[in-house]
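Okay, so here's the structure we're looking at.
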Amino acid sequence: MPELPEVETTRRGIAPHIEGHTVTDVIVREPRLRWPVPPALKAALRGQRLRRVARRSKYLLLHFDHGTLLLHLGMSGSLRVLPAGTPPQAHDHLDIVFDDDQCVRLRDPRRFGSVHWTRGDPADHPLLAALGPEPLGEDFTGDYLYARSRRRKSAVKVFLMDSKVVAGVGNIYANEALFRAGVHPGRAAGRISRERYARIAAAVREVLTAAIAAGGTTLRDFTLADGSPGYFRLSLAIYDRTGQPCLRCGQAIRESRLGQRSTFHCPHCQRS
DNA sequence: CAAAGGTCCTGCTCGC
DNA sequence: TGCGAGCAGGACCTTT
């Protein structure tokens with residue numbers, strides 16, 4: 001579910017409620033996530049003050065003085081801030097309880113999400129070390145994409161979704177960005193010009209920024225920290241619009257598969 | 001039965 | 001021959 005805008009929306013939603021507060025308890029109801037929840041999590045966090053909630057790619061980083069909790073929401077995860085002791089529902093796997101009797105609750109039906117504890121610099125954590133630049137950071141440019149894509153034969157959409165190339169561009173926003181840039185998602189990444197990569201980089205930036213401003217995209221069950229949905233779905237121009245008219249030219253949007261993911265494009269506006 | 005917003009891991013091929 | 005990079009496919013899981 002959550003792509004970068006949804007994770008960033010979640011970060012902004014939870015941070016003001018928990019930054020500066022001290023963990024009083026950690027409740028693990030289901031440790032079997034993508035990787036097992038660390039058994040020592042409660043011992044590590046109890047009594048510790050949360051300094052800051054940050055984000056790297058689609059990971060949330062909860063910084064404490066002696067280490068960092070990494071949280072990934074996988075395909076179906078969401079976080080909410082609730083009064084401690086609120087009865088859990090199905091798939092509510094983890095609570096982090098704070099000293100003001102609020103808790104952050106992780107819900108994740110598919111359990112593709114994960115929780116990690118790391119003491120060193122989180123940037124050195126194996127899951128973060130190999131990630132490409134943040135798409136909203138200054139390192140992410142058309143020139144960068146051009147350089148990284150030389151001799152790449154895979155489709156540009158697959159290339160954009162490679163976390164080692166750029167962090168946090170998932171299926172929805174890869175589709176949306178390529179539509180905005182007017183590039184066919186199946187075109188070989190290594191056969192796209194520097195000029196077109198400048199348009200692609202700008203489109204990625206624009207679509208992510210707009211989605212964050214709208215609170216992310218809710219397709220099924222994504223909720224903000226207060227339980228409300230994100231409204232960027234209303235702004236999706238291409239994703240999940242198979243057969244519907246292109247908003248620019250009116251031609252019917254086509255659906256295909258690239259890298260086993262649903263792909264959408266306009267046959268007129270994205271001819272190459 | 002297929003697909004859903006993610007991404008790690010394995011094993012193969014290719015080119016130097 | 002060996003090595004690294006790139007690439008395809010499978011894996012994880014529940015719900016609709």
Side-chain angles (χ1 to χ4, degrees), chain A residues 1-10 29-37 55-60 70-79 89-94 106-116 125-132 135 145 147-178 185-186 188-191 204 207-208 211-212 214-224 229-242 255-264:
Chain A
M1 138 241 264
E3 292 195 35
L4 189 150
E6 291 73 51
V7 177
E8 177 60 20
T9 295
T10 298
R29 299 186 191 84
E30 174 54 84
R32 296 174 303 168
L33 303 186
R34 175 155 193 196
W35 287 286
V37 175
R55 180 189 57 74
R56 171 73 172 112
S57 185
K58 296 171 189 167
Y59 291 88
L60 288 167
L70 307 184
L71 269 172
H72 198 287
L73 300 177
M75 199 88 137
S76 60
S78 59
L79 292 179
Q89 299 185 333
H91 314 300
D92 285 348
H93 306 314
L94 175 80
L106 170 67
R107 174 176 300 173
D108 184 5
R110 294 180 71 180
R111 287 195 273 125
F112 287 174
S114 59
V115 178
H116 314 264
H125 190 279
L127 291 170
L128 303 188
L131 291 174
L145 285 177
R148 284 296 302 261
S149 61
R150 291 311 89 187
R151 258 163 274 135
R152 286 257 203 165
K153 291 171 187 163
S154 60
V156 61
K157 174 164 170 274
V158 174
F159 173 71
L160 281 180
M161 291 176 67
D162 180 344
S163 66
K164 291 190 271 310
V165 172
V166 54
V169 178
N171 198 34
I172 291 179
Y173 300 108
N175 276 298
E176 292 295 318
L178 289 170
R191 297 191 53 237
V204 167
V207 73
L208 293 178
I212 291 169
T217 299
T218 295
L219 293 181
R220 291 172 186 79
D221 50 6
F222 175 74
T223 59
L224 280 64
Y231 290 104
F232 195 71
R233 181 173 199 176
L234 302 171
S235 303
L236 296 179
I238 196 95
Y239 182 84
D240 205 21
R241 295 195 63 242
T242 310
E255 179 173 356
S256 60
R257 270 182 106 75
L258 283 177
Q260 300 158 272
R261 309 302 297 274
S262 292
T263 301
F264 307 87

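A, B, ... follow the sequence lines: proteins, then strands. Residue 1 opens every chain.
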Check every strand shown and say whether [X] touches a base, only sugar-phosphate, or nothing at a heavy-atom separation below 4.0 Å.
{"X": "A:Arg152", "value": "sugar-phosphate"}
{"X": "A:Phe159", "value": "nothing"}
{"X": "A:Arg111", "value": "sugar-phosphate"}

Please give, in whole Å, the distance from [N] [atom2] to [X] [atom1]?
{"X": "A:Lys157", "N": "B:dT7", "atom1": "NZ", "atom2": "P", "value": "14 Å"}
{"X": "A:Leu127", "N": "B:dT7", "atom1": "CG", "atom2": "C1'", "value": "10 Å"}
{"X": "A:Arg261", "N": "B:dT7", "atom1": "CZ", "atom2": "P", "value": "9 Å"}
{"X": "A:Lys58", "N": "B:dT7", "atom1": "NZ", "atom2": "C1'", "value": "8 Å"}
{"X": "A:Leu258", "N": "C:dC7", "atom1": "CG", "atom2": "C1'", "value": "14 Å"}
{"X": "A:Arg148", "N": "C:dC7", "atom1": "CZ", "atom2": "C1'", "value": "14 Å"}
{"X": "A:His72", "N": "C:dC12", "atom1": "NE2", "atom2": "P", "value": "19 Å"}
{"X": "A:Met161", "N": "C:dG6", "atom1": "CE", "atom2": "C1'", "value": "17 Å"}

>> I need the single residue from A:Asp92, A:Val37, A:Leu94 that forms a side-chain contact (heavy atoms from CB on, under 4.5 Å) with A:Arg29. Which is it?
In response: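 Result: among A:Asp92, A:Val37, A:Leu94, A:Asp92 is the only option passing the side-chain contact (heavy atoms from CB on, under 4.5 Å) with A:Arg29.
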> Hey, is A:Asp162 close enough to A:Arg148 for a salt bridge, meaning N to O under 4.0 Å?
Replying inline: no
> Between A:Tyr59 and B:dC8, is there a side-chain N or O to OP1/OP2 distance below 4.0 Å?
Replying inline: yes
Counting side-chain heavy atoms from CB outward, which of [options] is closest to [X]?
{"X": "A:Arg257", "options": "B:dA3, C:dT15, B:dC8", "result": "B:dA3"}
{"X": "A:His91", "options": "C:dC7, B:dC9, C:dT14", "result": "C:dT14"}
{"X": "A:Ser154", "options": "B:dG6, C:dC7, C:dG9", "result": "C:dC7"}
{"X": "A:Glu3", "options": "B:dG6, C:dG10, C:dT15", "result": "B:dG6"}

>> As a quick check of understanding, evaluate side-chain contact (heavy atoms from CB on, under 4.5 Å) for A:Leu79 and A:Leu60, giving each step before the final call.
In response: CA-CA 11 Å; A:Leu79 292 179; A:Leu60 288 167; 3.6 Å; yes
> Which is it for A:Leu160 and A:Leu145 under the side-chain contact (heavy atoms from CB on, under 4.5 Å) test, yes or no, and what are the steps along the way?
Replying inline: CA-CA 9 Å; A:Leu160 281 180; A:Leu145 285 177; 4.2 Å; yes
> Hey, does A:Thr217 have a side-chain heavy atom less than 4.5 Å from the side chain of A:Tyr173?
Replying inline: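 Yes, close enough: below the 4.5 Å cut-off.
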>> Between A:Thr263 and A:Leu178, is there a side-chain heavy-atom distance shorter than 4.5 Å?
In response: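 In short, these two side chains do not touch, never coming nearer than 4.5 Å.
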> Would you write out the dot-bracket form of DNA chain B, 5' to 3', with Watson-Crick and G-U pairs under 3.5 Å, [ ] for crossing pairs, | for pairs to other strands and . for unpaired bases?
Replying inline: .|||.|||||||||||
>> Quick check: on DNA chain C, is the nucleotide nearest A:Ala90 upstream (toward 5') of the one nearest A:Arg34, or the reverse? Name the residue that is more 5'.
In response: A:Arg34
> If we require ring centres under 5.5 Å and near-parallel planes under 30°, does A:Phe112 stack on C:dC13?
Replying inline: no
> When rounded to the nearest 0.5 angstrom, what is the spacing between CG in A:Leu219 and CD in A:Glu6?
Replying inline: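 Here the interatomic distance stands at 8.0 Å.
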>> Can you tell me how the ring of A:Tyr59 sits relative to the ring of A:His72, calling it parallel under 30°, perpendicular over 60° and tilted otherwise?
In response: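 Perpendicular: the ring planes of A:Tyr59 and A:His72 meet at over 60°.
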>> With nearest nucleotide decided by heavy atoms, which residue, A:Arg110 or A:Ser163, maps closer to the 5′ end of DNA chain B?
In response: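 Taking each residue's closest nucleotide, the earlier one in sequence belongs to A:Arg110.
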